[in-house]
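All remarks here apply to the structure that follows.
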2 protein chains.
Amino acid sequence: MIPQHISKLQEKGFRMTQARSSIINLLENTDHPITASSIHKILKRIGVSINITTVYREIEFLLNERIIEKVPLMDNELHYEVTGRPHHHHLFCTSCSSIKDIVLQSEKGLLEEVHDASSYDITRHSLAFFGTCPDCK
Amino acid sequence: MIPQHISKLQEKGFRMTQARSSIINLLENTDHPITASSIHKILKRIGVSINITTVYREIEFLLNERIIEKVPLMDNELHYEVTGRPHHHHLFCTSCSSIKDIVLQSEKGLLEEVHDASSYDITRHSLAFFGTCPDCK
DNA sequence: ATATTAATGCAACTTGTTTGCATTATATAA
DNA sequence: TTATATAATGCAAACAAGTTGCATTAATAT
Ligand SMILES: [Mn+2]
Ligand SMILES: [Mn+2]
Ligand SMILES: [Zn+2]
Ligand SMILES: [Zn+2]
């Protein structure tokens with residue numbers, strides 16, 4: 001949908017392979033964070049059979065290039081999503097395991113408090129909320 | 001230090017074994033979330049050699065009994081900490097990998113916003129902040 | 001078209017986590 | 001104090017996620 005990530009990588013001199021473009025396109029068109037094995041399964045289902053090793057290597061590459069970001073949940077597997085979308089966080093339904101984005105207006109004050117109270121240089125943060133989604137109630 | 005978790009389990013009829021009490025005591029006396037393999041290593045170092053399988057089984061038991069909680073970070077391993085402490089969240093130093101608790105006054109508004117905006121029944125949340133700690137700056 | 005080398009696939013490996021089953025040890029009762 | 005019931009444990013094996021070495025393939029530049 002928004003292939004700006006792809007042209008950015010090409011301008012930087014990286015090759016645009018089928019694996020790379022299909023992973024980027026998948027994540028661009030997925031509205032929630034997904035795992036490495038999800039990427040692998042979904043691509044296979046739509047006829048793009050790349051090796052799981054390649055998926056892992058591509059994830060690491062895309063993390064380095066800041067095309068994607070990690071999303072930690074209460075799970076043993078990390079999830080990933082593309083960067084460049086409006087800043088948001090995540091709702092996880094503990095009943096159906098769905099993940100939904102949420103944009104928070106009131107996080108600004110929270111981040112200021114963290115900055116003031118901790119004397120850390122904060123570069124990133126991850127806010128996750130767990131509960132039951134409307135469909136599962 | 002505060003063996004209230006231990007007596008609570010005994011009152012519920014669970015056996016208090018060496019593995020169970022040493023894991024609870026370790027977590028009670030650790031001021032940051034730790035992983036299953038950390039628990040195993042630390043206990044071994046202080047002379048409590050329990051099998052890693054038992055550590056995993058005990059973690060699951062203690063999660064069920066709400067004695068401990070999961071803490072998801074940008075890591076492939078989950079961390080765990082005891083419940084019953086003042087409600088707090090975590091600062092992770094990406095340089096030295098240290099984890100520090102932080103109590104946030106201004107999270108109340110955030111949680112109200114999540115509740116109002118999402119129509120989820122939120123039961124838990126996890127806020128993690130990543131950056132450089134004062135020692136590493 | 002050819003050359004260069006980034007990216008890939010495959011196999012093997014490491015690490016984290018789970019399971020089955022025989023044995024041990026805690027709690028309770030005789 | 002000893003016997004009993006069974007929760008908890010250890011061990012081996014399996015499973016799952018993620019990594020690495022190396023030979024091969026394919027994307028780009030010439
Ligand atoms: Mn935020
Ligand atoms: Mn909170
Ligand atoms: Zn749901
Ligand atoms: Zn640090």
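Since the model is a prediction, treat every value here as computed from it, not as a measurement. These values consider heavy atoms only, across backbone and side chains, with no hydrogens, waters or symmetry-generated copies. Each chain gets a letter, A, B and so on, in the order the sequences are listed, and its residues count up from 1.
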Using the ring of B/Phe61 (Phe, Tyr or Trp, six-membered ring only), decide whether B/Arg20 places NZ or CZ under 6.0 Å from its centre and within 45 degrees of its axis. yes
Rounded interatomic separation in angstrom, taking CD from A/Glu60 and C1' from D/dG18: 10 Å
Ion pair A/Lys12/A/Glu65, N-O distance below 4.0 Å: yes
Of the listed C/dT18, C/dT26, D/dG10, the closest approach to the B/Thr17 side chain comes from C/dT26
Given C/dA27, C/dT17, C/dC10, identify the nucleotide with an atom nearest to the side chain of A/Asn76. C/dT17
Earlier contact from the 5' end, DNA chain C, for B/Met16 and B/Ser37: B/Ser37
Return whichever of B/Thr53 or B/Ala19 has its heavy-atom-nearest nucleotide of DNA chain D closer to the 5' end. B/Ala19
Please report the distance, rounded to the nearest Å, between CD in A/Gln18 and P in C/dA6. 21 Å
Between CD of A/Glu65 and C1' of C/dA6 the distance, given in whole Å, is 13 Å
Quick one: does A/Arg15 reach the base of C/dT5 with a side-chain donor-acceptor pair under 3.5 Å? yes
Interatomic distance where NZ belongs to A/Lys41 and P belongs to D/dA16 [whole Å]: 10 Å
Can you check whether any acceptor in the base of D/dG18 is under 3.5 Å from a donor in the side chain of A/Arg57, or vice versa? no
Tell me the interatomic distance from A/Leu78, atom CG, to D/dA17, atom P, rounded to whole angstroms. 12 Å
Between C/dC10 atom C1' and A/His40 atom NE2, what is the distance in whole Å? 12 Å
Could you give the CD1-to-C1' distance, from B/Ile23 to D/dA8, as a whole number of Å? 12 Å
Should we count CD of A/Glu60 as having more than 12 external heavy atoms under 6.0 Å? no
Please state whether the phosphate of D/dT19, meaning OP1 or OP2, lies under 4.0 angstrom from any side-chain nitrogen or oxygen of A/Tyr56. no
Is the phosphate of C/dT8, meaning OP1 or OP2, less than 4.0 Å from a side-chain N or O of A/Asn51? no
Can you classify the ring geometry of A/His125 versus A/His89 as parallel (below 30°), tilted (30 to 60°) or perpendicular (above 60°)? tilted
Assign each of B/Glu58 and A/Ile52 to its nearest nucleotide of DNA chain D by heavy atoms, then name whichever residue's nucleotide is nearer the 5' end. B/Glu58
How many Å lie between CG on B/Asp75 and P on D/dA17, as a whole number? 17 Å
Closest to the side chain of B/Ala36, out of C/dT19, C/dT17, D/dT9, is C/dT17
For atom NZ of A/Lys41, decide whether the heavy atoms of other residues, nucleotides or ligands shown that lie under 6.0 angstrom number more than 12. no
